[in-house]
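The structure appears right after this line, and notes come after that.
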Amino acid sequence: MYSTPKNLRSLADHLAVVLQKNSFTRKQLEQFHAQILAGGLLHSASLLTTFLSSCYRSQQTHYALLFMRNLPICIPSLWNSTVRLSLDSGAWPDFVGLYNGMLRNSVFPSKTGLLDFYGKVGNLRCARKMFAEMLQRDVVADNAMVSALSKHGCLEEARDLFDNMLQRNSASWNSMITCYCKLGDIGTARSMFDANPIKDVVSWNAMIDGYIKANQLLAAQELFVRMGTARNSVTWNTMISGYVQCKEFGKAIATFQEMRVENVKPTEVTMISLLSACAHLGALDLGEWIHDYIRRKRLKIDAVLGNALIDMYSKCGSIKAACDVFDRLPVKNIFCWNSIIAGLGTNGYGGKAIDLFAQMQEEGLKPDGVTFVGLLSGCSHSGLVSAGRRYFSEMHDIYGVTPVIEHYGCMVDLLGRAGLLKEAVELVKTMPVKPNAQVWGSLLRACQIHKDTELSKDVVQNLLDLDPCDGGNYVYLSNLYASLNRWDEVNACRKIMIDRGVHKVPGCSSIELDGLVHEFVAGDSRHLQIMQINLFLDEIAKQLKEHGHESDTALVLHDIEDEEKETAVSYHSERIAVAFGLMSTPPGKTIRVVKNLRTCSDCHSALKIISNVYKREIIVRDRKRFHHFKDGCCSCRDYW
DNA sequence: TTAGGGTTAG
């Protein structure tokens, strides 16, 4: 695969260049290993270090260990750098093997290094022993011990050591601040912060992040404002990611704009948080702009940034772009594989998700619980019942991953949607964990699809018992009665909602146009162009009628005349957004809409016709999956 | 030795 240059010197250089950039499969690493041996390059410590770091980057840490064990010569610096690599990459179990190997070769790691290691792996007993054995302790050793103690929750002991330190640098103060933050004692963290005489930008950033993690966004904002020009890029990144964590995606984007105005250079980390905001909002235009910015500024696309791009593209319905990023990614970790598998699944490509699942293992990566959630839900969305069943049984027996509630949820969904209601119910009854609202919810959805009203009632009752405050459950129940024309019960249900103060989450759809996100709620008249939109909606309704669309009026809550019901349905938020998109964009442009709830079956069949009549591709992301409407068909093949 | 990052079922 890699051609061999003529002389040894250039072979070493050549290997170093190839190894530096990429990540490899186990097989490829074996080939490089063979080339190093055949080329007699074992004396080149720098090449060997590069090779080892490649192993860690490729998550083949055992291979690195094996390589060191079989090395015929002892290079002390190589042992030390391997230890460093294994610490940095979190491959701590390997460390014990490395440590024994070092001792066999009479190489002794530094005591501070060992203390640091024991602290990181949480072996407090050994850390204490090491610390006690050190005759001369400097501030570095003290700080390492403080972090070891605080990691183990021995906060008082850490504080005691800190109070008695002869010398404290800013790292000592900052460790204590982060430690209190991590343990949730934000008040003490703040008093440490206030007492710190050598406050630096790290102290401020640690405190801001502490407030964010404690869900005190206002306090974080206050410090952020007070910092003024002392803010660095980490400060901005902390605030942007904080907004994303608190689901304030719009604010995250606004903060990024401010950051640019203030001329602070965005980093890879900035882009990762922003892409996550785009993924949640379904803001493809901004996401594409960020991808372009990354390319223009030559930011490094590592596994984390790559994953953020993959996730953004698949959550915005551009699965092809997601695959493109995935294929070009030199370094892929389990997150990247999980994202692309889940992305293919929600976009309706269950078969491809299965292919990638196989490929992932060929490349030596072990699937985890998240992988199986994506895989099973992919099988479910594509109706691949037998494959789903097989993976569900194999996940424990072959892959050693114990199924948790999410996996059972996928299976209930898979069986229920496929019409195997009895089996789905059996699974709910026998599963070793208590079924939650989501599990009952997918069973209910299956009842609706397959019109099993008897089972529905039972399921709804379970849902209401479990979560009497979730408005969605009452809507399910109400819709169920409405579909049976039992309007007295519908009204009773509405009354219970009012009495208990339960509200239904309003359906809301958004569409991005020229960098602006337009939001629509059913029956909403706030939009500036609402008059034109309504006229256009009437025009669409006419077209729909001409093309034989009959409104499915079963899903409307109120007991009203049929004609009126039809109007209520034709103005569901996704339709308003699509109408607005159609009238505001040039012919042929793809329309992308994001909806917070599931799209109803009536809108679904209407959108199929609209895509054909107006010759537009329409992509709707609803609460759980994508619908790509094109030429009168949907990618879900009406199975959702 | 101290601060900021990504994937999870209806």
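In the text below, chain A, chain B and the rest are named by the order of the sequence lines, each starting its count at 1.
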*Quick one: label A/I310 by what it contacts on the DNA or RNA (base, sugar-phosphate, nothing), any heavy atom closer than 4.0 Å.*
nothing
*For A/M165 and B/dT2, what is the distance between atoms CE and P respectively, to the nearest whole Å?*
13 Å
*A/L376 CG - B/dG10 C1' separation (whole Å)*: 14 Å
_Any N/O donor-acceptor pair, A/N232 side-chain to B/dA3 base, under 3.5 Å_ = yes
*Taking only N and O in the side chain of A/Q245, is any of them less than 4.0 Å away from OP1 or OP2 of B/dG5?*
yes
*Identify which nucleotide among B/dG4, B/dG5, B/dT7 has an atom closest to any side-chain atom of A/D302, counting heavy atoms from C-beta outward.*
B/dG5
*Run the salt-bridge test on A/E423 and A/R389 with the 4.0 Å N-O cut-off and return the result as yes or no.*
yes
*From B/dT2, B/dG5, B/dG6, pick the nucleotide closest to the side chain of A/F335?*
B/dG6
_Does B/dG6 have its OP1 or OP2 closer than 4.0 Å to a side-chain nitrogen or oxygen of A/K315?_
no
*Would you indicate what A/A446 reaches in the nucleic acid, counting non-hydrogen atoms under 4.0 angstrom: base, sugar-phosphate, or nothing?*
nothing
*If you check every side-chain atom of A/I272, which of B/dA3, B/dT7, B/dG5 has the closest atom?*
B/dG5
*Nearest whole angstrom, please: distance from the P of B/dG6 to the CG of A/N333.*
13 Å
*Report the relative orientation of the aromatic rings in A/F249 and A/H280; use parallel for angles under 30°, tilted for 30 to 60°, perpendicular for over 60°.*
parallel
_What's A/D368 touching, base or sugar-phosphate or nothing? Going by heavy atoms closer than 4.0 Å._
nothing
*Can you figure out which of B/dT2, B/dG6, B/dG4 approaches the side chain of A/C336 most closely?*
B/dG6
*Using a cut-off of strictly less than 4.0 Å, decide whether A/R417 has a side-chain nitrogen or oxygen near OP1 or OP2 of B/dG10.*
yes
*Looking across every strand, which nucleic acid part, if any, lies under 4.0 Å from A/N196 by heavy atom: base, sugar-phosphate, or nothing?*
nothing
*Looking across every strand, which nucleic acid part, if any, lies under 4.0 Å from A/T235 by heavy atom: base, sugar-phosphate, or nothing?*
nothing
*asked:* Can you identify which nucleotide, out of B/dA3, B/dG4, B/dT2, has its nearest atom closest to the A/K213 side chain?
replied: B/dG4
*If you check every side-chain atom of A/N169, which of B/dT8, B/dT1, B/dA3 has the closest atom?*
B/dT1
*Select one nucleotide: of B/dA3, B/dT1, B/dG4, the one nearest the side-chain heavy atoms of A/N205.*
B/dA3
*Check if the side chain of A/S377 and the base of B/dG10 share a donor-acceptor pair of N or O atoms closer than 3.5 Å.*
no
*Rounded to the nearest angstrom, tell me the gap between atom CD1 in A/I290 and atom C1' in B/dG6.*
14 Å
*asked:* Within the 3.5 Å criterion, strictly below it, is a donor on A/N205 or A/N232 matched to an acceptor on the partner's side chain?
replied: yes
*asked:* By the 4.0 Å heavy-atom rule, please label A/D142 as base, sugar-phosphate, or nothing.
replied: nothing
*For atom CG of A/L149 and atom C1' of B/dT2, their distance in whole Å*: 16 Å
*Is there a donor in the side chain of A/N169 and an acceptor in the side chain of A/N143, or the other way round, less than 3.5 Å apart?*
yes
*Looking at A/W236 versus A/F256, is the centre-to-centre ring distance below 6.0 Å?*
no
*Between the side chains of A/D368 and A/N338, is a donor N or O closer than 3.5 angstrom to an acceptor N or O?*
yes
*asked:* From the set B/dG4, B/dT1, B/dG10, return the single nucleotide nearest to any side-chain atom of A/N143.
replied: B/dT1
*Using modelled atom types only, decide if a donor and an acceptor are shared between the side chain of A/S191 and the backbone of A/T188 within a distance under 3.5 Å.*
yes
*Using a cut-off of less than 4.0 Å, is there contact between a side-chain N or O of A/S172 and OP1 or OP2 of B/dT1?*
no
*Rounded to the Å, how far apart are A/M207 CE and B/dG4 C1'?*
16 Å
*The side chain of A/N338 lies closest to which of these nucleotides: B/dT7, B/dG10, B/dT2?*
B/dT7
*Reckon A/Q167 touches a base, only the sugar-phosphate, or nothing at all at heavy-atom distances under 4.0 Å?*
nothing
*Which nucleotide, B/dG5, B/dT1, B/dA3, lies nearest any side-chain atom of A/K182?*
B/dA3
